[in-house]
Amino acid sequence: MSTFTLGGIHPPEHKDLACGAAIEVCKPPQRAVIPLSQHIGAPCKSLVEVGQRVVAGQLIGNPEGFVSAPVHSSIAGKVTSIEAFPAPIGRMVPCVVIENDKSDEWVALEDDPGYMEREADVLKGRIKAAGIVGMGGATFPTVVKLSPPKEKKIDAIIINGAECEPYLTSDHRVMLESPKEVVEGLKILMKVLGLDRGYIGIEENKQDAIAKIKEAASNYKNIEVWTLVTKYPQGAEKMLIKSILNREVPAGGLPMDVGVVVQNVGTAYAIYEACRLGKPLMERVVSVTGPGVVSPKNLRARIGTPVSQLIETCGGLKGGAVKVISGGPMMGFAIYDLDTPVTKGTSGIVAMEDKDIVHRTKFNHCIRCGRCVEACPMGLMPLMLSVYSEKGLYADAKDYQLFDCFECGSCTYVCPSKRPIVQQIRLAKTMVKPG
Amino acid sequence: MEINKQQGLIVSVSPHISSEETVPRIMWTVSISLLPALVMGIYYFGPKALYVTALCIIGSLLSEWFVQKVAGKEITLADGSAFLTGLLLGLNMPSTVPFYIPLVAAFVSVGITKQLFGGLGYNIFNPALIGRAFALITWTRAMTTWSVPDAAFLTVNAKTTATPLGILKEEGMGKLIEVFGDKLSLYKELLVGHRPGSLGETSMIAILIGAAFLVYRRYISLRIPLSFLATVALGVWIFGGKEGLFTGDPIVHLLSGGLMLGAFYMATDYVTCPTVSRGQILFGIGCGFLTILIRLKAGYPEGVMFAILIMNCFAPLIDRNFRTSVFGAKKAKK
């Protein structure tokens, strides 16, 4: 079994809450709120007007710029407004609001059983048109990853099935229930990138998924399924590449600098749907879980469904629930409004009770115990970054490789003084220029 | 969703979960791991050992409370760090000292070395060792008067003697073996701790049980203790013998004095040791080197305390120069 060498932590997994629940279809919402910016990069320009009728799968937002991805309607109905709503990350973003007319009319989807015969560019075009972005949470437009600059030669593609965040089980269920589709997605990616070798990395706590994926991939000698040690942040691109290929992405660099592209399991599934059916990315699997939810489930929800509807589908919140996180508890965003819509990057909704979370305003001095140094997967010295940031000495923090931190939060998790280390690092990053 | 609409949701930035580990838990666990050493100290040196340790702890807690009160700071007695410093100070005292020495030493430890330098996390030196160093220099006689450990529980024992390291220094290995009978019983008595010395430093077995527990709980790593002990063993073997190089007896040195207690409990003090593994090994080697230098060449029979205190000065410098190797960083060109 392989893993990355530096740091890493193992918080309680709590995956048992939802990993046994088969994916259920969540009813399309009465009102879908579809953000025009669901990805890293330039927001989309709305193609629809208030009062206009749209159908499910219809293009409603056109990308502006290279790093961007189109947005589609997830339901059929009338556009009632285009206004700002809170996105899961907390910022207000322009959204197209669509009132469901219950017809559930879709754009015509064309089944293309011979999709593997198509040219790489045709497949890439379908991925681009479907508006696919990294569905693990980072939401980087997939087509951009598939179009590396000429001087970067890609020689490996990894499907990320680590799902190292506690609680989350959506990737687990997708691998378990649609292993063939995930493997097909990988085949498509290999074809698009012109590669003859593909990897799928899965943490060992998902033995059933590993067996299913291995079975689905058994026909293809050039696909390797890797069992990885259950260790956070195994699913971070740099860690995953280190674990499987033993390559180190250079500091400040991208996976393409070592010839690797990493795509999430959910993304691979969406790529299959896009290339085979021409289906745009307008729904996704979301784990609705955590100790604050009455009956945790994995739901296939339309983009734009309000979080409140997801939670209601799971029996509602328990009385003690005080925090609702979009994403996992290590890197996810606490939302303040349950009307926040599901977006392409919403891998999970985790409801926490007071005893499960930290929300301190008070913290203690660093006792230099070195736990953060041991936990840091990037080999940094979080204690120094924390103290320098606290004292306002941001330039000194930069000297301790401030910008190599990707904010996994491992240091903050292990700190016995309960210092907000990663928060202080984020602050420092905004106060000095990188480079 | 009515309930939460009313009370509102808590919003904060990730991570949203935290480990169970806290500073008080660490301090109290380390204190508990010292219980075997304390029990053995009481067994060998009688109730006086408990009395001295209790005075150190009370003095530490009072000093912490007093300085924090005067400075208008939050009182942090519950975090266990003052208790632990007091306990360590007590274990490093002879059982025969008059009552005022533990109290004053405790004030120097916690009141001055720790609190006046900014409190937990900001002290440069190991507080318990500064307290002990102060006492040793101020009351040299009292701090080097060792009672014979005859496990005679309630007898008030006025008989005093020198420590094994003291005999070794003044009269040599031959005399030391003579005092204990033969070589084998010398090793055996040193291992179980049946010898004069500071009340908590003598029983190697008790100290190692506590240390093993801390290693198992991953509260300390073996980097500092092992590099410290290995350096002492190697140095003594090479330079410690009277008959020339490579004739020294490392076992006697490893099992005597405050070396075990120092290596596992003092040198590994989070606040005053380096945080990066390579730096910790260097720190251990430095402690070991200074220990043998003092034991073999300087006036004092024992050098662990001064060795660790001197290396404490270097800890920030070591951290500054032995940084972690960053993931993906360009390897330095040769």
Side-chain angles (χ1 to χ4, degrees), chain A residues 6 9 11 90 166 238 242 248-253 308 311-312 316-317 319 321-325 327 329-336 338 352 356-359 364-371 373 376-381 383 400-401 404 407 409 412-418 422-423 426, chain B residues 1-5 7-27 29 74 76 79 81 118-123 218-221 223-224 268-280 315-316 319-320 322-331:
Chain A
L6 288 172
I9 57 170
K238 288 179 177 182
K242 177 75 181 171
E248 280 192 17
V249 178
S308 56
I311 291 172
E312 268 157 30
L317 288 178
V322 293
K323 194 180 223 180
V324 177
I325 302 160
M330 288 303 295
M331 287 185 86
F333 299 91
I335 57 175
Y336 58 89
L338 291 178
M352 304 291 253
D356 310 311
I357 53 167
V358 278
H359 50 92
N364 298 315
H365 294 159
C366 171
I367 59 165
R368 295 166 44 82
C369 67
R371 281 173 175 74
V373 179
C376 181
M378 292 301 289
L380 307 179
M381 295 174 71
L383 76 160
Y400 277 84
Q401 290 85 21
D404 282 324
E407 302 172 16
T412 316
Y413 177 84
V414 297
C415 181
S417 285
K418 306 299 163 194
V422 72
Q423 290 88 337
R426 287 188 191 115
Chain B
M1 301 310 106
E2 288 310 308
I3 301 167
N4 285 291
K5 276 271 155 82
Q7 72 188 37
L9 292 167
I10 293 172
V11 182
S12 66
V13 285
S14 63
H16 305 283
I17 51 175
S18 172
S19 71
E20 311 259 296
E21 215 60 83
T22 60
V23 172
R25 192 160 114 162
I26 293 170
M27 296 298 171
T29 307
E74 189 194 351
T76 57
D79 73 13
S81 70
L120 181 63
Y122 285 111
N123 47 296
R218 307 195 68 177
Y219 276 32
I220 59 171
S221 86
R223 285 185 289 267
I224 292 175
T268 56
D269 171 32
Y270 290 150
V271 180
T272 54
C273 80
T275 55
V276 177
S277 41
R278 281 182 303 165
Q280 290 179 340
D319 258 353
R320 192 179 280 261
F322 286 79
R323 297 203 195 162
T324 48
S325 36
V326 174
F327 183 95
K330 288 186 192 81
K331 302 282 178 273

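The chains referred to below are lettered A, B, ... by the order of the sequence lines, with proteins before strands, and numbering in each begins at 1. On a predicted model such as this, the values are computed, not experimentally measured, just so you know.
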B:Y270 versus A:R371, side-chain donor and acceptor atoms under 3.5 Å: yes
Measure the CZ-CD distance between B:R323 and A:Q401 for me, rounded to the nearest 0.5 Å. 6.5 Å
Tell me, do A:V373 and B:T324 make a side-chain contact under 4.5 Å, heavy atoms counted? yes
Look only at the side chain of A:R368 and the backbone of B:C273, and say whether a donor-acceptor pair between them is shorter than 3.5 Å. yes
Taken to the nearest 0.5 Å, the spacing of A:I357 CD1 from B:S18 OG works out to 11.5 Å
Do B:I17 and A:D356 make a side-chain contact, defined as non-hydrogen atoms from C-beta onward lying under 4.5 Å apart? no
What part of B:E74 gets within 4.5 angstrom of chain A, counting heavy atoms only: side chain, backbone, both, or neither? side chain
Engaged part of B:P274 at the chain A interface, taking heavy atoms whose separation is under 4.5 Å: backbone
Interatomic distance, CG@A:N364 vs CG@B:D79, rounded to 0.5 Å, equals 7.5 Å
What part of A:C415 gets within 4.5 angstrom of chain B, counting heavy atoms only: side chain, backbone, both, or neither? backbone
A:L380 portion near chain B, given a 4.5 angstrom heavy-atom threshold: both
With a 4.5 angstrom heavy-atom cut-off, which part of B:Y219 approaches chain A: side chain, backbone, both or neither? both
What's the separation between atom CE in A:M381 and atom CG in B:D319, rounded to the nearest 0.5 Å? 4.5 Å
Step through the shown structure and confirm whether more than 12 heavy atoms of other residues, nucleotides or ligands are within 6.0 Å of CZ on B:R320. no
With a 4.5 angstrom heavy-atom cut-off, could you sort out which part of A:P166 is near chain B: side chain, backbone, both or neither? side chain
Among side-chain atoms of A:K418 and B:T22, is any donor-acceptor pair under 3.5 angstrom? no
Least distance between heavy atoms, A:A334 atom then B:S12 atom: CB-O, 3.5 Å
Quick check on the interface: out of A:I325, A:I9, A:I335, who has the most heavy-atom pairs with chain B under 4.5 Å? A:I325
Which atom names give the shortest non-hydrogen contact between A:G409 and B:P15, and what distance separates them? O-CG, 3.8 Å
By a 4.5 Å heavy-atom criterion (distance strictly below it), what part of A:K242 contacts chain B: side chain, backbone, both, or neither? side chain
Winner by heavy-atom pair count (cut-off under 4.5 Å) against chain B, out of A:G332, A:S417, A:G370, A:P329: A:P329
Can you find a pair of side-chain heavy atoms, one from B:S14 and one from A:E407, that are under 4.5 Å apart? no
Pick one of side chain, backbone, both or neither for A:C369, based on which atoms fall under 4.5 Å of a heavy atom in chain B. both
Mind checking what makes side-chain contact (heavy atoms from CB on, under 4.5 Å) contact with B:V13, not counting sequence neighbours? A:Q423, A:R426
Under the 3.5 angstrom rule, does the side chain of A:H365 hit a backbone N or O of B:L120 as a donor-acceptor pair? yes
Heavy-atom pairs under 4.5 Å with chain B: which of A:Y336, A:Y400, A:F333, A:Y413 has the most? A:Y413
